[in-house]
Amino acid sequence: MSAKARDQLETRLTGRPLILARSLWIVVVALAVGLYVLSIPIQFAHSQTVCSGATCPWDQLSPTGVEQLQQAGQSLGFYAGYLTALNAILALGFSIVAAVIFWRKSDDWMGIFASLTLVLFGITFNSVPITTAENVYPALLFLSKFLNFLGNTCLILFFYLLPDGRFVPRWILWLVPFVVVHKALSAFRPELLGKDWFVLVELASMLFAQIYRYRHVANSVQRQQTTWVVFGTTLAVSGAAALFLYIRIAWPGGNPIIRLIVSTALHLIILQFPLSIGMAILRSRLWDIDLLIRRTLIYSALTGLLALAYFGSVVGLQGLVRLITGQSQSQLVTVVSTLVIAALFVPLRGRVQEFIDRRFYRRKYDAARTLAAFGNSVRNEVDLGRLAAHLIKVVDETLQPETVSLWLKG
């Protein structure tokens, strides 16, 4: 039996275990979705309430914020409806990816577990809808806390088990009881935790488990699966952190329109997380991740360099214009700076791409250069023997197979 077949059998369910797993999935998902749907009108009313305290929640406006919103031509109802719709779209995005995984992998316990994790995390990620529902309906308090506990626990265990359903390294299994207890206390008795340092242990162990598995255990397909999830998670976390940092530095007053724009960007960034998990679990377009990471690195670095060049040219030219003409502002500076950036785009992109390929994709970079040199050298080659020898040499250098042979049909 091949290693691939053994991996599939390890997570495949049949008979009563399969029926039980599917039934539990349906029950838990139905409870979570039902609670969220019940919370939608309550969340809308909560966001439409004007905050009168010293500090206000993110989804409520102060009287000053309401005034700024009206000056922008929008109503408080629009603000509350927009935020409610954003949360619903986020939960729906997680649920759609989870449903696809369940539909395609419902006979695989790892697929069932991944889809359940996505549904619970997508609904409990923003705790406001669940919290507002339990405040209005106290009978739902236990259910909402239980779903929050289950979602947070499943998320950590998912990173421990991804992608083959085994705890790697084995000692990670000993952390599971501590994780369960910690998440139970966080959900039901948070006052007992005090300064919650164990969160750092959980995050570090999740990261370590994936790195260790990638370097010491995973095969090529599993490495691509891990790369997809890590890439999506990194993109979501770093993007969210950058947005929060931007809003605190650039817009400390909390302008409501800017708040809506940032919330929209934040929700779109977070959606990368379920999409990357869907790619990994379904093994769909696994090998595209290398190209995606490469382009992300190239255009992120290019955007940063162009931004620095633009602001540097604006400051420098503005100082030069002020020195010559005495004017503090000039439209010419903006025009010249824009033209400089347009002229720099193509050559700078080529330099950045070459640097990244040489630094992070050295083997592919060398192979591409070898193939390009081969193409140039054989254009005028007429000797079949030399051409065959050159071709074998290029294949050996670029692909590095165990053996190389060339068969020519007479």
Side-chain angles (χ1 to χ4, degrees), residues 11 13 20-40 42-43 84 86-106 108-134 137 140-163 165 176-177 179-188 190 199 202-203 205-206 229 232-233 236-237 240 266-267 269-282:
T11 56
L13 294 175
L20 178 61
R22 289 176 174 175
S23 301
L24 287 175
W25 186 93
I26 293 173
V27 170
V28 174
V29 169
L31 290 173
V33 173
L35 181 62
Y36 183 83
V37 171
L38 183 65
S39 72
I40 290 178
I42 304 172
Q43 180 191 2
T84 304
L86 275 183
N87 288 330
I89 291 173
L90 181 67
L92 182 63
F94 274 81
S95 299
I96 289 175
V97 176
V100 173
I101 294 175
F102 184 78
W103 175 52
R104 297 283 300 275
K105 297 282 186 179
S106 63
D108 187 313
W109 74 261
M110 192 60 193
I112 295 175
F113 182 69
S115 62
L116 180 65
T117 300
L118 286 178
V119 172
L120 293 175
F121 183 74
I123 289 177
T124 60
F125 169 76
N126 184 359
S127 60
V128 172
I130 305 300
T131 303
T132 53
E134 69 186 32
Y137 302 105
L140 298 176
L141 179 62
F142 176 81
L143 177 60
S144 64
K145 290 183 179 298
F146 175 75
L147 292 176
N148 185 66
F149 153 72
L150 194 60
N152 290 330
T153 304
C154 287
L155 181 66
I156 296 175
L157 296 184
F158 175 75
F159 278 90
Y160 286 171
L161 295 168
L162 182 76
V176 173
V179 170
V180 173
V181 172
H182 173 253
K183 293 306 178 186
L185 291 175
S186 299
F188 295 99
V199 174
E202 293 171 341
L203 294 176
S205 61
M206 290 161 60
V229 175
T233 304
V237 172
L266 177 63
H267 283 70
I269 289 174
I270 293 174
L271 280 176
Q272 307 307 310
F273 177 66
L275 291 176
S276 64
I277 291 179
M279 291 287 193
I281 297 298
L282 298 175

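No experiment lies behind these values; they were computed from the predicted model shown.
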- Once you round to the nearest 0.5 Å, how far does CZ of Phe121 lie from CG of Leu150? 13.5 Å
- Task: List the atom of Leu147, the atom of Ala32, and the distance in Å for their closest heavy-atom pair.
- Result: CD1-CA, 3.7 Å
- Message: If I take atom CZ from residue Phe94 and atom OG1 from residue Thr117, how far apart are they, to the nearest 0.5 angstrom?
- Response: 11.0 Å
- Do the side chain of Asn152 and the main chain of Asn148 share a donor and acceptor less than 3.5 angstrom apart? yes
- From NZ (Lys105) to CD1 (Ile281), nearest 0.5 Å: 8.0 Å
- Query: Would you call Ile89 and His267 a side-chain contact if the rule is heavy atoms closer than 4.5 Å?
  - Reply: no
- Query: Can you name the closest pair of heavy atoms from Ile156 and Met206 and give their distance?
  - Reply: CG1-SD, 3.8 Å
- Message: Measuring from atom CD1 of Ile270 to atom OG1 of Thr233, what distance do you get when rounded to the nearest 0.5 angstrom?
- Response: 11.5 Å
- Message: Under the side chain to side chain contact (heavy atoms under 4.5 Å, CB included) test against Val33, which residue among Ile123, Val28, Leu38, Leu92 passes?
- Response: Ile123
- Item | Leu143 CG to Leu31 CG distance, which is reported to the nearest 0.5 Å | 5.5 Å
- Query: By ring-ring contact (aromatic ring centres under 6.0 Å, His included), which residues pair with Phe102, not counting sequence neighbours?
  - Reply: Trp25
- Should the pair Phe159 and Phe273 be assigned to parallel (<30°), tilted (30 to 60°) or perpendicular (>60°) ring geometry? parallel
- Where is the tightest heavy-atom contact between Gly151 and Leu120, given as atom of each residue plus distance? CA-CB, 3.7 Å
- Item | Minimal non-hydrogen separation, Phe113 against Cys154, with atom names | CZ-O, 3.5 Å
- Query: Could you give the distance from CG (Leu157) to CD (Glu202), rounded to the nearest 0.5 Å?
  - Reply: 9.5 Å
- Message: Test your reading of the model: is there a side-chain donor-acceptor pair from Tyr160 to the backbone of Ser205, 3.5 Å cut-off?
- Response: no
- Query: So, for Ala280 and Val229, which heavy atoms are closest and what is the spacing to 0.1 Å?
  - Reply: CB-CG2, 3.6 Å
- Message: Within the 4.5 Å heavy-atom criterion, are Tyr36 and Asn87 side-chain neighbours or not?
- Response: yes
- Close aromatic pair by centroid cut-off 6.0 Å: Phe188 and Phe146: no
- Can you name the closest pair of heavy atoms from Leu282 and Ile101 and give their distance? CD2-CA, 4.1 Å
